[in-house]
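Below is one structure; the comments refer to it alone.
Here is the naming used below: chain letters follow the sequence lines, and residue numbers restart at 1 for every chain.
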Amino acid sequence: MNGQASFKIGDKIPRALEGKRQDNLGESAKAAPFFIVGASARGKLHYHNDAPRDDAFAAHFNDTWLAVAVADGAGSKALSRHGASFLTNRLCSRLLQATSFSKIPGHHMTVQTENQQADDAVHLPPYFEGKITVQKLGELVVVDDESGTIEQNHLGNIMLKAFRQARIDLVRFAKRKGASLEDFHSTLLGLILNTETMEMSVGQIGDGLILGLDNEEKAITLAEPPASDDPAASYFVTQEDWEQYLYIREMTGEEVDHFSTFYLMTDGVANDCQYGPPANILTIWAKDMDREIRLVPSLETTAERLKNYLANYKAKGSFDDRTLMVIYRNRGGKTT
Amino acid sequence: MSERVKSDSETTPEIVEMKVAVGEGERRLPVYLLLDTSGSMAGAPIQALRLGVEQFKKEIESDPFAKESVYMGVITFGGEAEFVTKGLIPFDEFYSEFRTDSLVADGQTPLGQSLWLLVESLDKDIKSSVKGGEKGDWKPLVFILTDGEPTDEWQEPQQVILNRTSKKVINMITVGCGPRINEQNLKDIAIGPTFKMDNDDASFKRFFQWVSQSVRVASKAVSQFGGGDKPANLPPPPDGIQYIP
């Protein structure tokens, strides 16, 4: 494992801030035992306002680790589409870089967490559903609060570091381009998955949805970040106090084995599948999408179908950009 | 093993359309018009008000985004305050059924009563988002048009609206028309900006054009940063409608 991607799909990292952006994009790839299909479509409102697509998606793979991200640039910010493209790619790159350092056998320290000095503790994002994180020697590590064992490269910690580093990368990019960070305001949703051990972590700031469909065909929301009570407003990774609104969750291989399909989507799709009537629309949607995504053997055709679907489906009041990535495997979690 | 497959951006005829269910709920933009129909509005002002509302109806009807999401509530305050639409109604029902000749000038100016009716509607009619349940509404827009000072107690309901912690109102715009307005009073009532204008036909026309433009902009609002406590970015008012600083 050397941290190099075996493929990269989705929107490209922006080099310049000018030029036309593709209205609709659909791409796919295989990372055995998983298939990845992603698409993004410009919303009717963006056509009406003569504004480009502000959503983005990306997936990177390095023969073992799969990193996936989607983002929604704030429509009120002129450069937010570049923020979305940059952040999705950078988050994937940073996730793969971080996972290229494996756990060093025997490298454990025992810490008495009850007696942990206050100034040793780092201020955690409040929605970090993992283990206690403490700062040691300038590096973030994770402490199991029961055994007191430190594991330096825990997946939740990796996700947190990748979010932080992707944001720092964007700060530098903005500076080089003579723009402010706020010009690139964007949500960000990410997933990192070890395709051998099935360990996984998800992270989210802002609206959108990360969902799993389990082997019993039940739709389970995997991330619950804090949400604004105003549907017109969201939280962005580019805002000052962003870590207050970041959610991270880790899942063991055993937990992931219960799922056949994962979805990452921006709010343009999430708003149409989370709210009824009917009351169980989320499960109905997830099952329908799972069926449709597996209908045609050709991944290329599937990506095209998904892109067309996102560009054309009708739902009341649904005029925003729509972006959806689907990661799925054969039923039962086994490769055939 | 890895493999990258890129799709062509052109549609090929044999691609089978996906069939996926979506939720049937809608996110509504509630718009309240609180209209002064007191005795002092009799004659030309009330006629101009009726024409203005008709124009508003036509302009929203012509906007495919606005007419799909706007829900209207009209409350008059003249004599007794009345919730003419009996709650929030879909725009197409407002367009086809709201009769502007029902706007009749008579009596005093019970703005406080109309604000209490607004409070009841905010509690009863505005929907919050419930995951697995209904889509919540956008934050409501409230426009209050008056030609004078209230003749009842309005401070308490105004504070109740201002201090709401759920189903908040952050856009309650007051507009005074004619020579008898009290500018400070208008500013005290408003949550957001305050304006004034004359009470002739042209002024009412311009006012309702601006209201419809504001509603159309709000219906196309794209996501903003933050927890949603920022007032809407209204378009600048036209000449003849003057901001009161």
Is the NZ atom of Lys44(A) crowded by more than 12 outside heavy atoms at less than 6.0 Å?
yes
What option among [options] has the most heavy-atom pairs under 4.5 Å with chain B?
{"options": "Gly206(A), Gly276(A), Ala59(A), Gly317(A)", "answer": "Gly276(A)"}
{"options": "Leu295(A), Asn312(A), Leu306(A), Asp54(A)", "answer": "Leu306(A)"}
{"options": "Phe34(A), Trp285(A), Phe319(A), Tyr313(A)", "answer": "Phe319(A)"}
{"options": "Arg305(A), Lys287(A), Lys314(A)", "answer": "Arg305(A)"}

Just give me the residue among [options] that pairs up with chain A most often, heavy atom to heavy atom, under 4.5 Å.
{"options": "Glu26(B), Lys167(B), Lys135(B)", "value": "Lys135(B)"}
{"options": "Glu134(B), Glu24(B), Arg28(B)", "value": "Glu24(B)"}
{"options": "Gly133(B), Ser69(B), Gly136(B)", "value": "Gly133(B)"}

Correct closest heavy-atom pair for Leu35(B) and Val74(B) would be CD1-CG1, 4.0 Å
In terms of heavy-atom contacts, Asp188(B) and Gln158(B) come closest through O-NE2, 3.2 Å
Is there any salt bridge (Lys or Arg N to Asp or Glu O under 4.0 Å) pair reaching into residues 56-65 of chain B, and which pairs are they, with sequence neighbours excluded?
Glu54(B)-Lys57(B), Glu61(B)-Lys67(B), Asp63(B)-Arg216(B), Asp63(B)-Lys220(B)
Please, which pairs that meet salt bridge (Lys or Arg N to Asp or Glu O under 4.0 Å) have at least one residue in residues 234-243 of chain B, sequence neighbours excluded?
none
Salt bridge between Asp123(B) and Arg164(B), side-chain N to carboxylate O under 4.0 Å?
yes
Using non-hydrogen atoms and a 4.5 Å limit, figure out which bit of Ile284(A) sits close to chain B: side chain, backbone, both or neither.
side chain
Under 4.5 Å from any heavy atom of chain B - which part of Asp23(A):
neither
Side chain, backbone, both or neither: which part of Glu68(B) has a heavy atom under 4.5 Å from chain A?
side chain
Between Phe204(B) and Phe208(B), what is the ring plane arrangement, given parallel below 30°, perpendicular above 60°, and tilted in between?
parallel
